[in-house]
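Note sheet for the following structure.
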Amino acid sequence: MPLVPSYIKKLKSYKPGKSIAEAKREFESKSFIKLASNENPYGPSPKSIQAIKQARHKIHRYPDATGFELRNSLALKYNLNVNNVILGSGSEGIMSTIMRTFLLKDDELISASNSFIGFKVLANASGCKTHWVPMKSNRYDLKEISNNINDYTKIIYIANPDNPMGTYITRAEFDKFYKSVPARVLIILDEAYFEYAKDFKRYPNSMNYRYDNVITLRTFSKAYGLAGIRVGYGFAHDSLIGNLLKVKAPFEPSLLGQIAANAALKDQLFLEKSIKMNARGIQYLENEFTKIGINFISSSTNFITTIWPTERIASQINQSLLKKGFIVRQLTAFGSPNYIRISIGLEEENYKFIKTIKEVL
Ligand SMILES: Cc1ncc(COP(=O)(O)O)c(C=O)c1O
């Protein structure tokens, strides 16, 4: 079809982790435990649910296009000005706005291969040239990313911590890397898993060093338990945010999204419980994997990525787990087909998972 640009024709559509409904259709009405999409197994905060209940009669109205209340809450929490905050339909919504705002046809993007697919899909759909730098020992190779910078580079994307590896770049590594990046290049620091990583000693909380060419992206989809309602946020220099606001779809995030996220921000107890239970789950699974002899990458997130000898073995494990009612994520679409990513579940789900993987092996 002449209508479709060649770079769109070449794209493969984003394949998310299998949903429970999909698995049920495939395996005929069994019950499933989904550990495939790095969601919060403890659900949303009760405060978010309450806020949604109260607001449900208002959904015939458009949301506040400026997202003022939520932006203001975020600005207060992080000691910023409202003009430094942007909202979007998930952090991916903001990534999309960034690309539509800044990219010209000859611009180029750099990131790691085997990193977050959501960014890869958007970058490839932009029609701009992309450089995917292989990871080194399952971590971003910042030196090689620097080596790929040229006169056309416009955007560098770093997921910190990374999905699907679960690893993070340290403050010292980022500081060194930052010095190699020209001021005209925008660095996207995607901190979707910030809440899980923030207490690691060497983790660089990007809020402690605001640079004019860095945008921090965060989300309510992970520790805050609101993946389904699609709210992400970003922090950057006000001129950068001002330009993004001109391009952003006017009414994202939705009315209920803004209200639920604002309520979630006020439920520190729920957030802390989610983080604590996740850390416990990580420790339990990592201990058990070590005992069983499963090779894994130590995680600073809400998932653990395991490494298997071959793609075929990973595929067999994945299928056997599915038959036994567990949805996990083989990382074929991420370019690592012998890797399987397992999201941390409820305590009883984690116990059951270990029992099941032992049977499968
Ligand atoms: C690194 C990373 N960034 C962004 C996202 C998407 O976040 P959102 O739901 O806010 O679009 C994910 C989700 O898995 C992720 O892993």
Side-chain angles (χ1 to χ4, degrees), residues 14-19 34-41 44 48 67 70 74 85-99 109 111-123 125 132 135 138-140 155-169 187-198 203 206 215-235 244 248-249 252-254 256-258 260-261 264-265 274 278 297 299-305 327-329 331 333-336 339 341-344:
Y14 177 64
K15 252 188 151 181
K18 206 186 273 293
S19 69
K34 186 183 176 208
L35 304 177
S37 299
N38 309 338
E39 297 145 340
N40 184 339
S48 295
L70 179 56
L74 286 162
V85 186
I86 186 166
L87 307 175
S89 284
S91 47
E92 284 189 71
I94 306 175
M95 285 178 215
S96 164
T97 305
I98 292 173
M99 294 195 194
L109 303 97
S111 189
S113 42
N114 314 97
S115 182
F116 180 52
I117 300 187
F119 177 80
K120 198 171 245 181
V121 168
L122 289 170
W132 304 114
M135 289 206 170
N138 303 311
R139 303 179 75 241
Y140 270 69
I155 290 175
I156 298 175
Y157 169 86
I158 298 170
N160 199 35
D162 177 59
N163 170 20
M165 300 308 169
T167 52
Y168 65 91
I169 56 165
I187 302 173
I188 302 176
L189 270 183
D190 179 349
E191 296 180 342
Y193 301 94
F194 164 78
E195 289 80 7
Y196 304 111
K198 66 179 177 12
Y203 177 75
S206 66
I215 182 162
T216 297
L217 298 185
R218 291 189 187 163
T219 183
F220 285 93
S221 299
K222 307 297 171 185
Y224 288 101
L226 291 174
I229 210 155
R230 313 300 303 126
V231 189
Y233 54 102
F235 301 130
L244 290 171
K248 169 185 148 331
E252 63 171 310
S254 71
L256 292 181
Q258 293 185 30
L265 268 188
S274 299
N278 180 72
I297 305 167
S299 171
S300 53
T301 59
N302 65 347
F303 58 84
I304 302 176
T305 290
I327 311 171
V328 293
R329 189 90 196 262
L331 299 181
F334 289 75
S336 306
Y339 288 28
R341 191 188 67 195
I342 298 139
S343 306
I344 308 305

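We count ligands from 1, going down the list as the structure has it; atoms in each ligand are counted the same way. Source: prediction; values computed, not measured.
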Find all atoms of ligand 1 within a distance of less than 4.0 Å from any non-hydrogen atom belonging to [X], and give their numbers and elements.
| X | result |
| --- | --- |
| Ser221 | 8 (P), 9 (O), 10 (O) |
| Gly90 | 8 (P), 10 (O), 11 (O) |
| Asn163 | 1 (C), 14 (O), 15 (C), 16 (O) |

Please check whether Ser91 reaches ligand 1 - meaning an N/O of the residue sits under 3.5 Å from an N/O of the ligand, judged on distance alone.
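Such a contact does occur with ligand 1.
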For Ser89, is at least one N or O under 3.5 Å away from an N or O on ligand 1?
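Ser89 vs ligand 1: no N/O contact under 3.5 Å.
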Non-hydrogen atom of [X] closer than 4.0 Å to ligand 1:
| X | value |
| --- | --- |
| Tyr193 | yes |
| Gly232 | no |
| Asn38 | no |

Test item: [X] side-chain N/O and [Y] main-chain N/O as donor-acceptor pair under 3.5 Å:
| X | Y | answer |
| --- | --- | --- |
| Ser91 | Thr219 | no |
| Asn40 | Ala223 | yes |
| Ser299 | Ile304 | no |
| Tyr203 | Asn160 | yes |
| Asn114 | Gly335 | yes |
| Tyr140 | Thr167 | no |

Please write down residue, atom name and distance for the protein heavy atom closest to [atom].
| atom | result |
| --- | --- |
| atom 1 (C) of ligand 1 | Asp190 OD2, 3.5 Å |
| atom 11 (O) of ligand 1 | Arg230 NH2, 2.8 Å |
| atom 13 (C) of ligand 1 | Lys222 NZ, 3.1 Å |
| atom 10 (O) of ligand 1 | Thr219 OG1, 2.5 Å |
| atom 15 (C) of ligand 1 | Phe116 CE1, 3.4 Å |

Which pair of non-hydrogen atoms, one from Glu92 and one from Leu122, has the smallest distance, and what is that distance?
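Smallest heavy-atom distance, with atoms named: O-CD1, 3.7 Å.
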Smallest separation among heavy atoms of Met135 and Ala112, with atom names:
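Answer, listing the atom of Met135 first, then Ala112: CE-CB, 3.9 Å.
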Would Asn163 and Arg341 count as having a side-chain donor-acceptor pair, cut-off 3.5 Å?
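Yes, because at least one side-chain N or O of Asn163 sits under 3.5 Å from a partner of the opposite role on Arg341.
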